[in-house]
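A short write-up of the structure that comes next.
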Amino acid sequence: MNGNGKLKIGMYWASSCGGCDISLLEIGDKILDLIQIADVAFWPCAADFKYQTVAGYPDGYMDICFFNGGVRNSEQEEVARLLRKKSKLLVAYGTCASDGGIPALANMNSVAEIFDAAYHSNPSIDNPNGIEPRPHVETAVGTLEIPTFYPAVLNLGQIVHADFAIPGCPPQAEDVWEAIGALVSGATPQHNGDRRIGCTSRSVCDECVREKKMTRIAAFRRHHMFRPEPGWCLLEQGAMCLGPATRGGCGALCPQAGMRCEGCYGPAPGATDQGSAMIGAIGGMLEATTEKRAQEMVDEIVDPPGTFYRFSMATGNLKVAQKH
Amino acid sequence: MSETVQAGDHKASVDGDQPRVGVFVCRCGGNISDIVDVDAVARRLSDVRGVVCATTHQFFCSDPGQALIEQSIKEHNLDRVVVAACSPSLHEITFRRAVARAGLNQYLFEHANIREQVSWVITDKSAATDKAERLVRAAVARTRRLAPLQKRRIHIRPSVLVIGGGVAGLTAARDLAARGIHVTLIESSPFLGGRLAQLHRIFPTGQRARDVVTPLIEEVASNPNIVIHTNAELERASGFIGDFHTVVRIMPRGVSEACTNPQEVIDSCPEETVDGFNLGLAKRKAIYMPYAGCYPPVPAIDWRSCTKCGACFEAAAGKGIDLDEKPREVMIAAGAIVIAAGLNTYAPRHGEYGYGQFQEVVTLAQLNRMLDPTGPTAGKLTVNGRSVRRVGFMHCVGSLQHEGIHKPMRDGRINQYCSRVCCTTTMHAAEEIKDRFPGVQVYDFHEDIRTYGRRHESYYDHVCQQGVAFIRFDPLRPPTVEADTKGEFPLVVKTTDRLTFGEELEVPLDLLVLATGLVARDMSKLVDLYRCSVGADRFLLEVHPKLRPVELAAFGLFLAGSVQGPMDIAESTAAAAAAASKASALIKAGQIELDPFVARVDEHHCSGCKVCLYVCPFTAIERNDSTKTARVNEALCTGCGTCVASCPCNAIQQQGFEDSQVESELMALLAGKPPAEELLAAV
Amino acid sequence: MTKIKSYYDGLVLGAGIAGMQAALDLAGQGFEVLLVDREPSIGGVMVGLNKVFPTLDCSSCICTPRMAEAAHSERIKLLTYTELIAARKQDQGFAVKLRKKPRYVVEEDCIGCSKCELACNYYTGHDFDCGLGARPAIYIPHGNAIPQVPVLDPDSCMFDGNCARVCPTNCIDFTQQAEEIEVTAGAIIVATGLKLSAMDAKKEYGGHEYPNVMNPLAMERVQSSNGPYGHILRPSDGKIPHSIAYVQCAGSRDKSIGVPYCSRVCCMYALKQAIMIRHQLHDAEVTIYHMDIRAFGKGYEQFYRRAVAEGVKVVKAKVARISEVENQDLNLRVELIDEGGRVADIRHDLVVLSLGTMPGWRPGGALPIEIDEDGFITIPEMATRPANSSVDGIFVAGVATGPKDIPDAIVEAGAAAMEAAMYLDRTRSHEAVPA
Amino acid sequence: MDENEATFHSGGNGATPWQPRIIGFLCYWCSYTGADNAGTARMKYAPNVDVVKVMCSGRIDPDLIGKAFANGADGVLVLGCHIGDCHYISGNHKTMVRMPLVRRVLEGMGIEPERFRHEWVSAAEGEKFSRLVTEMTEQVRALGPLNWRERLHACGVGHGMDLAPWGEERP
Amino acid sequence: MSVSTRDWRADLKVFRERMGGLSEEKKAWAKAQRQTLKAISDALKQGPMTIPQISAAAHLPSPDVIWHVMAMKRYGKIAEAGQSGDYYLYQLREEA
């Protein structure tokens, strides 16, 4: 704490959708409590701060800095390093920062493919000259520089040391407030040994009220194919619910509403590779007793890497596809 | 209950301390050293962190070789040992014992296989040496992560529960008691003897079934080591190998031994009902004994037909009759359970080969009652008072069924299987008919004759000589049974005969005997209580027909006799004795010692998602609903580690095969890659 | 000198699957067991089989753990390459005389490296492969043998000393001689197994005469990946057969050849071998000529139907004669029952005679027990005491009491062990009974 | 020197030609015994498959396969008992479900299917084991090094901190 | 187990005598086998062959040929070399 005795806090968005910034506001009235004890030292989404301002801060000036989004380009890496330097506590906020999140699904594609989709072959694109962003562009006024696009989305921890991570897409407001409270009070929040906070120390299944009847999965079904029976485990009903392999904290929101868990809180405690954990788990849950049937059932699953690593490609074992 | 063995050899450094590893590379008299440069392997390994000695020897399995290991452990104060030699299947035990002799926990030992999987399969010496080195490095990396383990020891309560009072249950009880083991035998019906008591004669000895069952029951009933509960129904069960607790509900018999004039009491009863023992061929009273000489020699009341009129009470002068007797519960504690619940015969549907339609169509079991001189027809072969002139046997009724031809059973499945005993039973009955009633003509309608057993074929042979006519039908076009319109005989069987190359036949008969197959009983309660596996044929399913033919997957549960599938008396007896042998071995040992490679749940990490509960084939994992965490029952765990790979939270670890141990081995094999510690740091 | 104790609670004769199981079950109940086999390795017939019906498990996967268990059991002493001379009942148990044949290798010193086998250059037919494969004069019986110790066959030895020259432990002992061993045994279990009926019992089938008329155990080896050929080939010229016939009851259910009984396993092994042929040689046609298919055991009928569904031809027919035609192919003259009794000549590349099972050993006075006219051991109370011979204290398991499949033999072995245990309880002095 | 330091260079920049580095996960009861059987029969095969023994193929966590690839393996071979032969009744049934899924994930990540193989090898199938090892080695050799870790480095992974999920402190 | 000091050379002499020495019959058998093996090896020097081809080249009956070829295969002197029609091909192993 410096100056007025209030905490200095920061929030930055890197490769993210903006939902995390909004989720911080979701703490509602408590934002006023936060303002009582903390000054915002950096929050591009909410107020006009320049990087130079931050660069001018003494090292460790900010008490807590929340970093949301993965790292996709050189600017984001630079800011991550800067914020690391200027913050006492750097917190990976949201699943993109902690595990790569949705943007990291692009790690299955090469930069060329991504650019092709973003700037060329998508039917809604009007780009007759086929222009692509380039880091250096010579113009009449001189060289324009834009950040370099990296070959893969990385999570914050792969760039700099992050002290804690709050997973979730987005993190749930109550959990965030609790985590902030703990950080502010200077206590080490409960983190189950893996420095993830604002979440439970168990999986989504722990919070889910749907019951496992110990029946085996007869066939995989996607959501448009059936109406789930209430009160009964979605996985057992054939929906590829990632609940068992996903960190709890959301209150099992999706399963509660009849939607399978897509895994947005990242790997369950104890695991680092969410997809492997899920594959391991369903290995024993299928009804198939013959190899042929097992293969058929497995073939019914659409896009396994996208299904099992939807939010955690960057922390999985493989992280990027071979095309890179 | 399980506990770990206190071996008193806890010399092992815990994680954090630098382990002191000894590496011993065997030359195996040239078998290894001719290809692998074992000295180079030892030399290179001696540079590895934590390795305090690395040495070679001509034969580490020899006495001097083992002595060298023991001496090195003491001299260098080793707390981890790696031997690189032949396959662990040959000498892992040898080296573990050597390590233990030196006072070190035997599970701090790791065996690298550089003979069967290196020197004998690789021709290039330098590649073989490199590979051997990698394997030894991996073993060293793995040992550094090992923790001392203790064998599991489970105490076995010295008593056995036998479920079922038929020939298999009686045999198992007799054999166990003969070895001085306390047995509780429970039987759901009011009388012992099961299906054997209902038979007339048994093959291949031709003995009267009664002559076999009566002495067997006497032996069991008179043995002080055996407690018998008849009318006993399974109620609840808990526990596991060594300590099962089963609660049975003893249904009221209504009559006790105090009743001194049972026959008068029975005669006094005004209610008559169908006699199940005689398979509906006769009637009996509501208070009854199935046959003279049955056990217990006390009548029982059939409550479904009893009107509580009190006639019996008066006939007995009130002695031993209690029409208001209540059921009571008994708790039976046992170290092992022998399941001998038997089976049923297939009940033909109405109209199946005329069954139920014509009085002249009976089952083979009913024929057996008819042939019994003490049976309902006093041994005469008559139907509706008429002597039988021509009798036909129809094979495979309720067995060898085909999709689309036979109607499925209640569960939607057909009985594809062969019932095993019916062919010989049929031949045996045909022989007896030919012997006792030489004038009777016998026809046999079959698909195949499966008189497989020793001396079974001779019945077949004999009845062929006695003039039994064999007619072979096409299983996809089974014979039909109709009323004989010509009037001389009540029935006619129409079929084609493959033995006479497709001739169309019409065979008029007085009596048609259906060789009904054998089917599993409704065992849902039993299956539920002890979590038994059931096969597609609805019989209980052994773990493996050859490896563990009389055992269920859960330890301590044994199968005796036809609860497992159709069997004849000799086969049931043998199976019962085999089950008794397994149970006896368990009880006599008093305890079992098991490898310590069991799974353990870290309750702090467990999310209670139940995923592990699906995978365990031994039902060794249960979930504590209050803490919402899983728990491994070490007495049941066999140490396969399947649950470890299933747990999405890595909350289950298998001792001796923990993730960190396997991964450090893996990382060492992929040498030159990041240090394992760093990779594992996040876990 | 072989070092063994002078007293064992149980003596088990024959270390095939039934004998091993009986020994394990008896040892499991706390008794000391001497397990004797006349062959140089334990394992019996089963360890040489390829797969077993109806589960199609790999036979050695099931048999070898049993072998290892028997070898490692603290209460079982193995004596291989040993025959029974005689056993005589005495006051306490039986006085037993055994003869250990010379292996010419010191078992305790051998490390099973098979260098001697590789150094020996003269080959002769290997019994384990029914003569189709070769072995040198000194050889480890087979890859899964226990003990993994070679045996030297002096009949084919050229006395060149190559084996001893390469032996790293100098364990080859040319001075060994047959050794007589006397022990007392509390009880005896006979599990001496089976042999197949003679190939030439039915002359009209040309067994022994034509190289491509095969013995079913030889076929097991041919089908095994570690067998003599490594593939299914026919023995005359190594051709991959396209058309294979099985002739059922080629050594059973026929009084004229002295085997009136049903051998119980032939239908199933023929079906199993046929399925395995179809798995390995997809375009091969397999025909089983039979009168009855006796698929009586648990899961057997289902297995039979599976075989038919997988394309095995199962034909009701009587095979009258087999004759060799050009290219060493075989012609079968058959009466096809379902074709109106038509007599046809059908040509096949290879024929397997489904031979019957016969007792593998006849006591011939070595044991004081009764034998039935068919050579199997008499079981006076077959229905109620299926493991008891005519002499109290001598019990029988497996095929020694009659043809049997593996599950039945294993179950009966358990019964024999139980009977022996009860007998020992009855007869032994109390202090000898283990706690 | 640490036990994990390189003795075997998979980069292929020195005098020794590149050798495929394949990890074989084998169940103890069938496949490991099968591998021993190949040895007893002196069948020669490529030295490139390093065996990690587990009690049952059901223990082979998909995570181990991912870790192997991510840390330098050029191929992974998973062997278990044939269906029906499992020493633990049905452990291999789990393998039978997991491995096709692992294969699909690996394919999705662009790892050539030839680099991952899942087969059943019984205790008697030493010949099959040696054939699989040699086949697999040649297939992987034809594909060349996988170099996943180098690939990750090229994408920036591991430059900042390490491979831990999000910045666990260095020891 | 320990390496013994047994003098096997001396023992072998005694053994040979005890077994009745090396009979003429046995010598002939061994010689015939050596010739058969050599004939097969010589034939295979021309390249991979099937059993009938070896049989024709070496002038030996095919059942004898397959038996000896399989012996040589088992003991590492011959290897399979693919298939030709209904027959496998066999070739000499380089190191043998």
Side-chain angles (χ1 to χ4, degrees), chain B residues 28-31 58-59 61 86 89-90 93 175 178-180 202-205 207 212 216 400 416-418 420 448-458 461 498-499 501-502 537 539 544-547 549-550 564-565 569-571 573-575 577-582 584-585 588-590, chain C residues 17 25 28-30 52 55 57 62 65-66 68 72 111-113 115 148 168-169 253 260-262 264 292-302 305 316 337-338 340-341 376 381-387 401-403 406-408 410-415 417-419 421-422 425 434-435:
Chain B
C28 197
N31 277 289
Q58 193 70 359
F59 299 106
C61 61
C86 51
S89 62
L90 290 165
I93 297 175
D175 290 1
R179 297 225 58 214
I202 58 173
F203 59 78
T205 49
Q207 290 160 286
V212 173
L216 183 57
L400 297 194
Q416 277 200 353
Y417 58 87
C418 167
R420 195 164 171 143
D448 279 322
I449 295 291
R450 295 183 170 177
T451 45
Y452 61 90
R454 181 139 171 264
R455 301 204 190 137
H456 295 190
E457 183 82 1
S458 56
D461 216 35
R498 297 165 84 183
L499 293 174
F501 313 128
D537 55 9
F539 288 98
H544 189 282
K546 296 173 187 72
L547 286 172
V550 294
Q564 208 177 350
I569 300 301
E571 288 161 351
T573 312
S581 167
K582 298 277 179 228
S584 154
K588 286 287 169 184
Chain C
I17 188 67
D25 276 9
Q29 298 194 56
V52 288
T55 43
D57 322 70
I62 295 162
R66 277 283 173 283
H72 289 148
I111 55 165
C113 70
K115 280 191 167 182
Q148 273 281 317
T169 65
R253 300 177 67 187
Y261 49 86
C262 165
R264 202 159 157 158
D292 301 288
I293 286 289
R294 294 192 164 167
F296 60 87
K298 191 164 181 171
Y300 289 7
E301 177 70 18
Q302 293 88 323
R305 292 184 186 186
K316 270 200 199 309
I337 305 292
D338 282 339
F376 292 106
E381 296 171 74
M382 208 182 230
T384 47
R385 295 282 192 179
T401 69
I406 295 166
D408 287 348
I410 290 174
V411 166
E412 207 181 86
M418 191 66 201
E419 291 285 3
M422 291 192 283
D425 280 354

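Side chains included, hydrogens not; waters and symmetry mates left out as well; all remaining heavy atoms used.
Of the two parts of C/Pro386, only the side chain, counted from C-beta on, holds a non-hydrogen atom closer than 4.5 Å to a non-hydrogen atom of chain B. When heavy atoms are compared at a cutoff of 4.5 Å, B/Thr205 approaches chain C solely by way of its side chain, counted from C-beta outward. Interface residue B/Ile202: only side-chain heavy atoms are found under 4.5 Å from chain C. For chain B, the nearby parts of C/Asp25 are the backbone and the side chain; heavy atoms of each come within less than 4.5 Å. For chain C, the nearby part of B/Asp537 is the side chain; its heavy atoms alone come within less than 4.5 Å. Neither the backbone nor the side chain of C/Ala387 comes within contact range of chain B, judged by heavy atoms closer than 4.5 Å. Both the backbone and the side chain of B/Thr451 have a heavy atom closer than 4.5 Å to some heavy atom of chain C. Within the 4.5 angstrom heavy-atom criterion, atoms from both the backbone and the side chain of B/Pro545 approach chain C. Heavy atoms closer than 4.5 Å to chain C are found in the side chain of B/His544, but not in its backbone.
With chain C as partner, the option from B/Gln207, B/Glu571, B/Glu457, B/Arg450 having the largest number of non-hydrogen pairs under 4.5 angstrom is B/Arg450. For the options B/Pro549, B/Ser584, B/Gly590, B/Pro204, heavy-atom pairs under 4.5 Å to chain C are most numerous at B/Ser584. Comparing B/Ile93, B/Ile569, B/Leu90, B/Leu547 by heavy-atom pairs within less than 4.5 Å of chain C, the highest count is held by B/Leu547. The choice from B/Ala580, B/Ala579, B/Cys86, B/Gly453 that makes the most heavy-atom pairs within less than 4.5 Å of chain C is B/Ala580. No other option in C/Gly112, C/Ala68, C/Ala295 has as many heavy-atom pairs under 4.5 Å with chain B as C/Ala295. When each of B/Gly29, B/Gly180, B/Ala578 is checked for heavy-atom pairs under 4.5 Å with chain C, B/Ala578 comes out on top. If you tally non-hydrogen atom pairs under 4.5 Å between each of C/Met422, C/Lys298, C/Glu412 and chain B, the highest count goes to C/Lys298.
Atoms CZ and CD1, from B/Phe59 and C/Ile111 in turn, are 4.0 Å apart once rounded to the nearest 0.5 Å. Considering CG of C/Asp338 and CG of B/Leu499, their distance stands at 9.5 Å, rounded to 0.5 Å.
Using a 4.5 Å heavy-atom cutoff, the side chains of B/Thr573 and C/Met382 are not in contact. In this structure, the side chains of C/Thr384 and B/Leu216 stay at 4.5 Å or more apart for every pair of heavy atoms. Residues C/Met418 and B/Arg179 meet the side-chain proximity criterion, which asks for heavy atoms closer than 4.5 Å. Taking the side chain as every heavy atom from C-beta outward, B/Asp461 and C/Arg253 never approach each other to under 4.5 Å. Counting heavy atoms from C-beta on, the side chains of B/Ser581 and C/Gln29 come closer than 4.5 Å. Side-chain contact check for C/Arg294 versus B/Asp448: every heavy-atom pair is 4.5 Å or farther apart. The side-chain heavy atoms of C/Glu381 and B/Val212, taken from C-beta on, include no pair separated by under 4.5 Å.
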Evaluate B/Tyr417 against C/Gln302 for side-chain contact (heavy atoms from CB on, under 4.5 Å), listing each step before the verdict. CA-CA 6 Å; B/Tyr417 58 87; C/Gln302 293 88 323; 3.7 Å; yes
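The shortest non-hydrogen separation linking C/Phe296 to B/Cys418 is CA-SG, 3.6 Å. Nearest heavy-atom pair, C/Pro168 versus B/Asn31, reported as atom, atom and distance to 0.1 Å: CG-ND2, 4.1 Å.
A salt bridge links C/Asp408 with B/Arg420: the closest approach of a Lys/Arg side-chain nitrogen to an acidic carboxylate oxygen falls below 4.0 angstrom.
Although no hydrogens or angles enter the test, the distance criterion places no donor-acceptor pair under 3.5 Å between the side chain of B/Arg454 and the main chain of C/Pro403. The backbone N or O of C/Ile337 lies less than 3.5 Å from no partner atom in the side chain of B/Arg498, so there is not a single donor-acceptor pair.
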